[in-house]
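Please read these numbers as outputs of a predicted model, since none were measured by experiment. Below, read A as the first sequence line, B as the second, and so on, with proteins coming before strands; counting in each chain starts at 1.
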Amino acid sequence: MKPSLPKGTRDFGPQQMLKRNYLFGILRRAFERYGYQPLETPAMEKLSTLTGKYGEEGDKLLFKILNNGDYLAKADREALAALDAQRLTPSISKRGLRYDLTVPFARYVAMNRHELSFPFKRYQIQPVWRADRPQRGRYQEFFQCDADVVGSDSLMYEAELVLLYDTVFTEIGLSVEIRINNRKLLQGLAESCGIADRFVEMTVAIDKLDKIGSEGVLEEMKKRGIDGAAATRVLERLAEGKAPAGELPKGWKDFLRNSPVGKKGLAELEEVFAYLEDRTLQQAVVFDPSLARGLSYYTGCIFEVVAVDGQMGSLGGGGRYDELTNLFGLPGVSGVGISFGVERIYDLMEEKGLFPEELSGQLQLLLIALDEESHRHAFGLLETLRGEGISADLYPQPAKLKKQMKYANASGVPYVLMVGEEERVSGSYTFKDMRSGEQKQCSLEQIVINLASGPPSQDSL
RNA sequence: GUGGGCAUAGCUCAGUUGGUUAGAGCGCCGGAUUGUGGUUCCGGAGGUCGUCGGUUCAAAUCCGAUUGUCCACCCCA
């Protein structure tokens with residue numbers, strides 16, 4: 001049998017894991033600095049928790065888990081005979097793999113409403129599964145990384161989440177544009193153009209403005225049943241385009257004067273921008289009226305992050321949702337959250353070489369022994385080195401030096417310590433920097449001092 | 001879910017109108033060098049041509065199916 005992986009899944013080898021941990025570590029520390037608490041939920045949820053939350057398209061992409069035991073005994077015979085998979089499913093599967101982290105979070109909040117004190121802030125970094133057709137940067141199993149706060153409608157949190165995006169992307173070393181819009185403003189746009197009943201169709205279409213241009217969006221809207229004149233009005237309004245945060249184009253106020261919901265959206269944006277006014281931001285933050293985001297549960301401000309120079313697509317997104325916990329019987333709990341597209345961020349960091357050369361968790365020092373007695377001596381040295389918190393290892397036999405060096409080189413260890421008869425009797429070991437090729441004689445104490453403070457810096461030799 | 005491209009050594013890829021023993025580069029192993037990797041030189045190993053079936057005297061090459069992968073939609077991270 002030829003071993004292989006299921007479609008759309010990947011192994012993460014040691015080199016990848018060290019980099020992923022570096023990225024996740026930045027995220028984790030940033031979340032905790034901002035007061036978000038860790039949370040994990042099970043990989044599988046009841047199908048009743050998941051279905052109906054992502055629209056018809058989303059439901060199709062849910063991975064379903066076959067019931068245990070003789071699952072056909074309780075199958076819906078009629079549906080089975082009729083080959084009606086959709087009707088058969090509930091009778092043979094009652095669990096599924098989670099599709100995102102937001103819905104399980106909403107379920108968690110609803111279940112634990114009496115224990116939690118609000119506002120409740122949590123972050124979550126876990127894999128999710130989608131039975132999508134894989135493409136570059138799209139997998140069937142991938143990690144999501146979310147930060148959400150529920151139980152407060154303060155617009156302070158919208159501003160905080162923008163700062164969180166700013167902090168994280170700056171620390172990673174990526175230049176991004178953080179786009180902000182508000183669904184209420186879009187509702188106002190639809191109302192003012194007389195197509196309030198085609199709101200969803202309008203948002204789906206204008207979200208593609210970047211990609212297909214205004215003619216394309218016009219076609220898209222017509223195709224989705226929006227009157228041509230109204231569609232043209234929508235595009236006229238969007239023509240004013242993006243604006244730096246804090247400089248909301250004047251035209252919008254006038255345009256939305258007859259739409260209470262639109263004015264509310266505008267006011268919300270103004271308040272968020274007011275919170276951001278004197279903050280120091282490293283990344284570009286812009287108001288983008290064409291930003292719509294597909295997910296229908298957003299009700300207020302919405303966010304999206306894109307790389308300044310990349311065709312990578314969205315690196316993250318989020319927004320405010322007022323009614324998500326309603327679905328689990330907990331009304332009146334407003335939430336706002338953001339997601340980091342860690343898989344794409346990883347790919348982009350790789351592309352731009354943003355990972356440090358030395359990553360924590362990596363082996364720092366490989367001992368190489370040249371004869372049996374030195375090998376046992378080196379085995380003893382490991383105890384001291386490891387006791388000092390240094391990640392150290394010993395080649396398993398006193399093989400030929402060339403062979404051991406080759407192994408050291410291939411494994412990417414930054415430092416090698418050679419132990420032969422001379423070193424063993426003098427207590428002064430040959431300590432080699434594999435990158436520069438330089439080597440010198442060092443006592444064990446000197447080596448510990450060189451390496452003890454985590455990953456070695458460039459100039460430690 | 002719809003439409004299309006691709007599948008040959010560990011990796012990236014050549015392979016003529018179907019015709020003897022399927023090639024290259026990189027990587028790997030060994031040696032040059034018995035205390036020095038990454039550079040150089042010499043030698044070597046490694047392939048059921050994704051899988052199954054069909055056409056043919058003859059298939060990596062043509063046809064069908066299937067699986068995987070990539071791309072564009074749909075949707076999304």
Novice: Heavy atoms under 4.0 Å, any strand shown: does Lys60(A) hit a base, just sugar-phosphate, or nothing?
Specialist: nothing

Novice: If you compare every side-chain N and O of Gln404(A) against the phosphate oxygens of U36(B) (OP1, OP2), does one of them come in below 4.0 Å?
Specialist: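 No, because none of the side-chain N or O atoms of Gln404(A) sits under 4.0 Å from OP1 or OP2 of U36(B).
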
Novice: Tell me what Gly437(A) touches on the nucleic acid: a base, only sugar-phosphate, or nothing, going by heavy atoms under 4.0 Å.
Specialist: base

Novice: Would you indicate what Tyr139(A) reaches in the nucleic acid, counting non-hydrogen atoms under 4.0 angstrom: base, sugar-phosphate, or nothing?
Specialist: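 It contacts base atoms.
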
Novice: Does the ring of Tyr407(A) lie flat against the base of G37(B), closer than 5.5 Å centre to centre with planes under 30°?
Specialist: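 According to the criterion (under 5.5 Å, under 30°), no, Tyr407(A) does not stack.
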
Novice: Side chains of Gln441(A) and Thr430(A) only: does a donor on one sit below 3.5 Å from an acceptor on the other?
Specialist: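 Present: a donor and an acceptor within the cut-off.
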
Novice: Distance criterion of 3.5 Å, no angle test: do you see the side chain of Asn409(A) paired donor-to-acceptor with the base of G38(B)?
Specialist: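 For Asn409(A), whose side chain was compared with the base of G38(B), there is no donor-acceptor pair (under 3.5 Å).
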
Novice: Counting Watson-Crick and G-U wobble pairs with both distances under 3.5 Å, what is the dot-bracket string for RNA chain B, 5' to 3', using [ ] for crossing pairs and | for pairs to another strand?
Specialist: (((((((..((((.....[...)))).(((((.......))))).....(((((..]....))))))))))))....

Novice: Check whether any side-chain nitrogen or oxygen of Lys208(A) sits under 4.0 Å from OP1 or OP2 of C74(B), and answer yes or no.
Specialist: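 Checking C74(B) against Lys208(A), a side-chain N or O does come within under 4.0 Å of OP1 or OP2.
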
Novice: For nucleotides C70(B) and A65(B), find the distance between their P atoms and express it as a whole number of Å.
Specialist: 22 Å

Novice: Is the distance from OP1 or OP2 of G38(B) to the nearest side-chain N or O of Lys432(A) less than 4.0 Å?
Specialist: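 Result: no.
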
Novice: Output every pair passing salt bridge (charged side-chain N to carboxylate O under 4.0 Å, His left out) with a member in residues 396-415 of chain A, not counting sequence neighbours, ordered by first then second residue.
Specialist: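 Found none.
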
Novice: Go through the structure and list residues passing side chain to side chain contact (heavy atoms under 4.5 Å, CB included) with Tyr407(A), not counting sequence neighbours.
Specialist: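 Partners of Tyr407(A) by the side chain to side chain contact (heavy atoms under 4.5 Å, CB included) criterion, ordered by chain and then number, come out as Leu366(A), Tyr395(A).
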
Novice: Just to be sure I understand the rule, does Gly8(A) reach a base, reach only the sugar-phosphate, or reach nothing, if contact means heavy atoms closer than 4.0 Å?
Specialist: sugar-phosphate

Novice: In residues 78-91 of chain A, what donor-acceptor pairs under 3.5 Å come from side-chain atoms, sequence neighbours left out?
Specialist:
| residue | atom | partner | partner atom | Å |
| --- | --- | --- | --- | --- |
| Asp84(A) | OD1 | Gln86(A) | N | 3.2 |
| Asp84(A) | OD1 | Arg87(A) | N | 3.1 |
| Asp84(A) | OD2 | Arg87(A) | NE | 3.2 |
| Thr89(A) | OG1 | Ala85(A) | O | 2.7 |
| Ser91(A) | OG | Asp76(A) | N | 2.9 |
| Ser91(A) | OG | Leu88(A) | O | 2.7 |

Novice: Could you tell me the separation between the CD atom of Glu423(A) and the P atom of G35(B), rounded to a whole number of Å?
Specialist: 12 Å

Novice: Please list, chain by chain and in numerical order, all residues satisfying side chain to side chain contact (heavy atoms under 4.5 Å, CB included) with Glu268(A), sequence neighbours excluded.
Specialist: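 With sequence neighbours excluded, Glu268(A) shows a side chain to side chain contact (heavy atoms under 4.5 Å, CB included) to Leu155(A), Asn182(A), Lys184(A), Lys264(A), given in chain and number order.
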
Novice: Using a 4.0 Å heavy-atom cut-off across all strands, classify Arg224(A) as base, sugar-phosphate, or nothing.
Specialist: sugar-phosphate

Novice: Under the salt bridge (charged side-chain N to carboxylate O under 4.0 Å, His left out) definition, can you give me all pairs with a residue in residues 28-39 of chain A, not counting sequence neighbours?
Specialist: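 Listed by first then second residue: Arg33(A)-Glu171(A).
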
Novice: Hey, does Ser339(A) reach any base, or is it just sugar-phosphate, or nothing, if we go heavy atoms under 4.0 Å?
Specialist: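 Nothing, no heavy atom under 4.0 Å.
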
Novice: With a 3.5 Å cut-off and no angle check, do the side chains of Gln124(A) and Arg122(A) form a donor-acceptor pair?
Specialist: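 The answer is yes; a qualifying pair exists.
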
